Amino acid sequence: MSPLEPEQMEHFVPFAQSAFESAGVRDYARGDFFFADGKFWAIEINGQPMIPDRWFEEAAGFAGISEAQYLVGIVAAGYRRLRAQGKLTSAFPAGARALLERTRLAEDLSAETPHKGGLQDV
């Protein structure tokens, strides 16, 4: 496992999002990817990974997100999706939102914001 260079990240995020969408996963999944011959490849999409997950924890660490933050982030991803579907009406709890402050996971947690995706946004 190694961090991506910024220019690789630009191309990887849309690729990973497409891979997760094509696998039909939502909110939280783990994907195994590699870069070879100038392009990204998806090896596996695991739609029911264990939690906590040492691989996911290490990957989240590259984004500056702790284990506690990614666990709350998983809940936040499902919460955003259910709000967008009209199945939840209350705002994401302030105490949980505080754990995600200053991370990309904090985006879109207000009551008025539409769903943008799950932890693959990280």
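Keep in mind the model is a prediction, meaning the values are calculated, not measured. Numbering of residues begins at 1 and proceeds along the displayed sequence.
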- Message: If I compare all heavy atoms of A42 with all of A19, which pair ends up nearest, and what's the gap?
- Response: CB-CB, 4.4 Å
- Message: With rounding to the nearest 0.5 angstrom, report the CD to CZ distance, E5 to F35.
- Response: 10.5 Å
- Query: Does the side chain of I51 come within less than 4.5 Å of Y28's, by heavy atoms?
  - Reply: yes
- Give the minimum heavy-atom separation between Q69 and G64, together with the two atoms involved. OE1-O, 3.7 Å
- I65 and Y70: which non-hydrogen atoms are nearest, and at how many Å? CG2-N, 3.6 Å
- In short, V25 meets G47 closest at the heavy-atom pair CG1-CA, 3.6 Å
- Is the backbone N or O of E7 less than 3.5 Å from a side-chain atom of E10, with the two atoms forming a donor-acceptor pair by type? no
- Item | Where A76 and L100 come nearest, the two heavy atoms and their spacing | CB-CD1, 4.0 Å
- Query: Roughly how far, to the nearest 0.5 Å, is the CZ atom of F40 from the NE2 atom of H11?
  - Reply: 8.0 Å
- Query: Would a 4.5 Å heavy-atom cut-off, applied to side chains only, mark Y79 and D27 as touching?
  - Reply: no
- Check: R83 side chain, S90 main-chain N or O, donor-acceptor pair, under 3.5 Å: yes
- Query: Do R81 and Q85 come within less than 4.5 Å of each other through their side chains, counting heavy atoms only?
  - Reply: yes
- Message: The test is side chain to side chain contact (heavy atoms under 4.5 Å, CB included); show your working for V75 and F92 and say whether it passes.
- Response: CA-CA 10 Å; V75 174; F92 193 68; 4.2 Å; yes
- Query: Distance-only, no hydrogens or angles: does the W41 side chain make a donor-acceptor pair with backbone N or O of F33 under 3.5 Å?
  - Reply: no
- Item | Under 3.5 Å donor-acceptor, E57 side chain and S66 backbone | no
- Message: Closer than 4.0 angstrom, basic N to acidic O: yes or no for D32 and R30?
- Response: yes
